[in-house]
Amino acid sequence: MRVTSPAVTNESREQSVDEAPIAKRLILGDPLASTDSDEHLLPKRMALPIFASDALSSVAYAPQELLLILMTGGLAFLAFAPWIAAAVVVLLVVVVISYRQLIKAYPSGGGDYEVARKNLGEIPGVIVASALLVDYVLTVAVSVASGVDNIISALPGLNPWRVELAVGFVILIVVINLRGVREASRAFAIPTYVFIGSVGVMILVGLFEIATGNAPVASSAQYAVETQDITQAAVILLVLRAFSSGCSALTGVEAVSNGVQAFRRPKVENAQTTLAMMGGIAIVLFTGLTAIALVSGVHYAENPCDLIGFDCSNPQPSLMAQVSSAVFGMNSIPFFVIQAATAVVLLLAANTAFNGFPLLGSVLARDGYAPKALNTRGDRLVYSNGMIILGLIAIGVLIVYQANLTNLIQLYIIGVFVSFTLGQIGMIRHWLRGMRGIRGLTADQRSAPGIRAELRGLRKGLLINSLGATMTASVLVIVTITKFTHGAWLVFLAIPVLSFLMVGVHRYYRDVEHEIEMDDQTHFGSSGDVAIILVNKLQKPVVKAVDYALAAKHDKTFAVHIAVSKDDTEAIQAEWRKHRMPIPLKIIESPYRTYAGPIAEWVRKYREEHGSSVVTVYLPQYIVGHWWEGLLHNRRSRRIAQQLMLVHGVSITLVPWLLDSSELIYGRRSRVLPGDERAGRAGQHTVPAVERRGRRAIRPAGPPVPTEKADASPQP
């Protein structure tokens, strides 16, 4: 039986709005219905600032970090800069082309994680996911720190407030993202396009001045650099380190492959086009900015006091600030426009992570490698839990590193190149598997035009991703060697620790699913006011709740499923028929993904039609033995119970299902029930472990107060 309600009526919308706290509505806006999700998919012009802001904004600090490392060896080392920049551009082209192949082959939004897990196995997949999560956190920290750096370059008086500014900007970005994808894209589109346009104009003007013999001169061109003699081996290491810092221009390329499902249809084509646009713009800006910085003589040192003649008590102007002042003049209107646009787009580059991290977290939660709460959409149809977690961790990193860009950049890009490399290797396995499938066909089948075209596509993909794997693996080795002792060892520590935790979470969920899996050995011996049992999936805890409801002999007994997902609803209906459940299943629509509101409305209408009936709501609930297990379950039954207790005519029966780990609670010697110690009954309720494991559930004659796990053996 299906109880339908109007898709999205004003009444249902007002009801959902009334359930949300006032402060939450003021900050985030009114809730959005699940049926509105298609309206919030992104066209290419809006997807570009959302997913490409990180890659585009990296041109503001990648050339700066490249020159900074070279300046460690002296001004003569700047001669290596054009060649290093060319190598970065070649790598960027290869990675963009490789990810276009990945988007086509795996459009579901799992990106490198999905490729590695399906083609290389569980452990490589988890390593990729861990690396990406770490990189997303560092993307927020580095982007915000770089944005604050550019603000301070224009307004040096704000330098003492560097950390406070960074934390405030992270909070602001979190709030904007929590309001929804469409609102975020509108807020971020204009600054991103202003940045692209203003920097593009600056590059054109600078190149014109160079061509006409009036080359711009940077404010730091007059400063020499104090250096120490370095060996030939150190020269090679310095060049490789500069290359690894320049490779920060590649960060964010993978974000498009993780967000394919956020694009409008045709999703794959739109995502590929957006990726190509992002790569082309990033290459033009990176090469143009590097060229003008070299011609104008920008000198940017890791330690400002190494610049002879520079007053290092003042903050060192960023490379972008020096180039814009050289082209347009210090304190000119174009200078402040470029500085403002650069600062804003660097801050908004963190937004790429606020899209990638929650999406990847939802995929991991779906696959059982992360807490299920990460797969829950908030009122504004975004994965709000993931966004909040990312914001809190990024704030912690900024506080620890005092929002210092030079220190944070040393931790950067390790994670992204781990995912690049394993993702490309996974794509190689993907193409080889396809080619093996074609080899297994007969000669006549292989000669068909469609098969020959497919084989050419497989060979093309294999060539592209083999080149990508070779180059990204080489860069990963270089980055590891050059950055490890400069702080990158923390990333190499964080990735395995996070991977270990994710595998542990997956094992836990697997064991729980096996423990509560539905079978047909559980029989119902119950038969005799209104009872409803809330059902999410048909599993043993639900069967136990049904059994107790039937034993209580209510006048009417229904099972109720709150429909927030079409697939889940169809699955529960099929399972209900398959196992021939003895009570009818009602489906109640919930367009705003709330649970207590639809149930309360159903109870109100039922009591209007049938009188003041007492409605007993049975809620299955897990009982666990470890504190950390509570973090892995969403505690929905407790939240629903707290809300339904305010509804007239409703009583709540929590039906506990004791997971195996709950034995730890009742096995502790000092464990007593609340109040027993004062009453002189301490230890009276202790039951030996052997007796606990051997006893069967005893069905009470009246309304149940269950405390034992239902026995799966047939009941008489």
Do the non-hydrogen side-chain atoms of [X] and [Y] ever get within less than 4.5 Å of each other?
{"X": "D112", "Y": "L102", "answer": "yes"}
{"X": "L120", "Y": "R429", "answer": "yes"}
{"X": "F169", "Y": "V148", "answer": "yes"}
{"X": "Y193", "Y": "L48", "answer": "yes"}
{"X": "L455", "Y": "R452", "answer": "no"}
{"X": "L133", "Y": "L390", "answer": "no"}
{"X": "F357", "Y": "L132", "answer": "no"}

Measuring from atom [atom1] of [X] to atom [atom2] of [Y], what distance do you get when rounded to the nearest 0.5 angstrom?
{"X": "Q64", "Y": "M320", "atom1": "CD", "atom2": "CE", "value": "9.0 Å"}
{"X": "L467", "Y": "L462", "atom1": "CG", "atom2": "CG", "value": "11.0 Å"}
{"X": "Y508", "Y": "L632", "atom1": "OH", "atom2": "CG", "value": "6.0 Å"}
{"X": "L422", "Y": "I123", "atom1": "CG", "atom2": "CD1", "value": "12.0 Å"}
{"X": "L319", "Y": "L289", "atom1": "CG", "atom2": "CG", "value": "5.5 Å"}
{"X": "I414", "Y": "L138", "atom1": "CD1", "atom2": "CG", "value": "10.0 Å"}

Quick check against the 3.5 Å criterion: does [X] have a side-chain atom that pairs as donor or acceptor with the backbone of [Y]?
{"X": "S419", "Y": "V416", "value": "yes"}
{"X": "T421", "Y": "V418", "value": "no"}
{"X": "W431", "Y": "L458", "value": "no"}
{"X": "Y509", "Y": "D367", "value": "no"}
{"X": "S143", "Y": "V140", "value": "no"}
{"X": "N385", "Y": "A373", "value": "yes"}

According to the interplanar angle, ranging from 0 to 90°, do the rings of Y369 and Y113 count as parallel (below 30°), tilted (30 to 60°) or perpendicular (above 60°)?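 Rings of Y369 and Y113: perpendicular, over 60°.
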
Output, in order, the C-alpha distance, side-chain angles, deciding distance and verdict of salt bridge (charged side-chain N to carboxylate O under 4.0 Å, His left out) for R507 and E122. CA-CA 12 Å; R507 298 290 187 271; E122 178 187 38; 2.9 Å; yes

Which donor-acceptor pairs under 3.5 Å do the side chains of residues 489-496 make with protein atoms, sequence neighbours left out?
none

Restricting to non-hydrogen atoms, name the atom on [X] and the atom on [Y] that form the minimum distance, rounded to 0.1 Å.
{"X": "V256", "Y": "A271", "answer": "CG1-O, 3.5 Å"}
{"X": "A166", "Y": "L398", "answer": "CB-CD1, 4.0 Å"}
{"X": "A365", "Y": "L374", "answer": "CB-CB, 4.1 Å"}
{"X": "S318", "Y": "Y300", "answer": "CA-CE1, 3.8 Å"}
{"X": "G423", "Y": "V115", "answer": "O-CG1, 3.4 Å"}
{"X": "P107", "Y": "V268", "answer": "CB-CG2, 3.5 Å"}

Regarding N270 and R265, do their side chains bring together a donor and an acceptor under 3.5 Å, going by distance alone?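 No pair is found: no donor N or O on one side chain lies under 3.5 Å from an acceptor on the other.
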
Verify the distance criterion only: is there a donor paired with an acceptor across the side chains of Q272 and Y99 at less than 3.5 Å?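 Judged by distance alone, the side chains do not pair up.
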
Just do the side chain to side chain donor-acceptor pair (under 3.5 Å) check on N119 and Y106 with the steps written out, would you? CA-CA 12 Å; N119 295 287; Y106 294 92; 2.9 Å; yes

Are K460 and E454 within salt-bridge range, i.e. N to O under 4.0 Å?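 No, no charged N to carboxylate O under 4.0 Å.
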
Apply the test side-chain contact (heavy atoms from CB on, under 4.5 Å) to residues F263 and T274: give CA-CA distance (whole Å), side-chain angles for both, the deciding distance (0.1 Å), then the verdict. CA-CA 10 Å; F263 285 82; T274 302; 3.3 Å; yes

Between I338 and F195, does the side-chain contact (heavy atoms from CB on, under 4.5 Å) criterion hold? Intermediate values first, please. CA-CA 7 Å; I338 290 176; F195 170 77; over 6 Å; no

Would L498 and V126 count as a side-chain contact (heavy atoms from CB on, under 4.5 Å) here? Give the steps. CA-CA 9 Å; L498 188 56; V126 169; over 6 Å; no

Set out, in order, the CA-CA distance, both residues' side-chain angles and the distance that settles side-chain contact (heavy atoms from CB on, under 4.5 Å) for V323 and M202, then state yes or no. CA-CA 9 Å; V323 171; M202 180 182 71; 3.8 Å; yes

Do any pairs count as a ring-ring contact (aromatic ring centres under 6.0 Å, His included) and have a residue in residues 434-471, sequence neighbours left out, and if so which ones?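 Listed by first then second residue: nothing to list.
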
Quiz: residues 80-98 side-chain donor-acceptor pairs under 3.5 angstrom, not counting sequence neighbours:
unit_1, atom_1, unit_2, atom_2, d
S98, OG, V94, O, 2.8
S98, OG, Q424, OE1, 3.3

